[in-house]
Amino acid sequence: MGKIDRLKRITMAKIEAFLDSLEQPEIVLPQLQRELADKLKEAVNAETKSLTALKASQRRVDEGAGRLLRLKKGAELALRDGDEETARQALAAQVETEEQLAKIEKGHEGTRKAYLNAHDVRKQLQKNLQKLRERVRDVKNRHVSVKAVQKMLEQSQEFSLKAGQEIMDLVIRMEDKVDEMEAQNQILGGNMDTVLLEEKLENLQHSDEVERRLEKMKREINE
């Protein structure tokens, strides 16, 4: 499970349910607050990295779109100048660039969703931490004796040593664990002859598309 998906599972409802399951929730509140603050830092870092990736992805999309425009104009200029071979080459490059751009745009959409997910998780954890801080303040404002406070701190230290893990792990594990399916490496299901045939057919389709665009451009210029 990815870091963002894991952080996304830390909801205030689960935190409240965890605290409600304890006889003395105030014992673990300080440690729980520290852990949640650390998780928020992780979410901020993840959002920052995803935003950087999104900007880089957008640049690749813009560069691909710009190249398409230049190739189209270049093909038209070459054909008007009577250089049909150069126009054909430009159109072939245009078809190839369109396919590459489609893949880039698909990846860009995935990057955009990842950023939005990280952004939402960071905001969620911020709200959770604010609510938890308010709860901690409420506990501190209660009238307790010095002896009770000392006992609470001793129990808190004992709890941390016995647990041997983050409280946040216990919060997340209150929900049923979902096993991740392993991807099977079956990309090339057929034999090599099938792969070569598919490549040959793809090349033929490219050539046909180039000739079709060339004839269309000729008609438009002659009109």
Using a 4.5 Å cut-off on heavy atoms from C-beta on, say whether the side chain of [Y] contacts that of [X].
| X | Y | value |
| --- | --- | --- |
| E84 | K218 | yes |
| R9 | K14 | yes |
| L77 | T86 | no |
| L19 | V28 | yes |

For this session: Please report the shortest heavy-atom distance between I4 and A46, naming the atom on each side.
Result: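 Result for this residue pair: CD1-CB, 3.5 Å.
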For this session: Specify the closest pair of heavy atoms between A75 and A87, including all atoms of both residues, with the distance to one decimal.
Result: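 Of all heavy-atom pairs spanning A75 and A87, the closest is O-CB, 3.6 Å.
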Should [X] and [Y] count as an ion pair when the cut-off is N to O under 4.0 Å?
| X | Y | result |
| --- | --- | --- |
| E85 | R88 | yes |
| K72 | E220 | no |
| E96 | R67 | no |
| E109 | R112 | yes |
| E63 | R60 | no |

Are [Y] and [X] co-members of a hydrophobic cluster defined by side-chain heavy atoms under 4.5 Å apart?
| X | Y | answer |
| --- | --- | --- |
| I221 | L91 | yes |
| L51 | V44 | no |
| V121 | Y115 | no |
| L79 | V95 | yes |
| L101 | L71 | no |

Exercise. Given L36 and L40, is the side chain to side chain contact (heavy atoms under 4.5 Å, CB included) satisfied, shown in steps?
Worked result: CA-CA 6 Å; L36 190 54; L40 176 58; 6.0 Å; no
Going from [atom1] on [X] to [atom2] on [Y], what distance comes out if it is rounded to the nearest 0.5 angstrom?
| X | Y | atom1 | atom2 | answer |
| --- | --- | --- | --- | --- |
| D20 | I15 | CG | CD1 | 11.5 Å |
| D38 | L125 | CG | CG | 11.5 Å |
| R122 | E42 | CZ | CD | 15.0 Å |
| N117 | L7 | CG | CG | 10.0 Å |
| L129 | E35 | CG | CD | 12.0 Å |

For this session: Begin from the C-alpha positions of N128 and K39 and carry the test side chain to side chain contact (heavy atoms under 4.5 Å, CB included) through to its verdict.
Result: CA-CA 11 Å; N128 293 349; K39 299 304 179 186; over 6 Å; no
Exercise. Is there a side chain to side chain contact (heavy atoms under 4.5 Å, CB included) between Q94 and R213 once you walk through the steps?
Worked result: CA-CA 10 Å; Q94 183 181 350; R213 295 190 185 192; 3.4 Å; yes
Exercise. So does K123 have more than 12 non-hydrogen atoms from other groups sitting under 6.0 Å from NZ?
Worked result: no
Exercise. Among side-chain atoms of Q130 and Q126, is any donor-acceptor pair under 3.5 angstrom?
Worked result: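 Short answer, no.
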Exercise. Without hydrogens or angle criteria, can the side chains of D120 and Q124 be said to hold a donor-acceptor pair below 3.5 Å?
Worked result: no
Exercise. Does anything in residues 48-57 pair up under side chain to side chain donor-acceptor pair (under 3.5 Å), and if so which pairs, sequence neighbours excluded?
Worked result: S57-H108
For this session: Please lay out, stage by stage, how Q58 and D62 fare under the test side chain to side chain contact (heavy atoms under 4.5 Å, CB included).
Result: CA-CA 6 Å; Q58 183 62 59; D62 294 340; 3.0 Å; yes
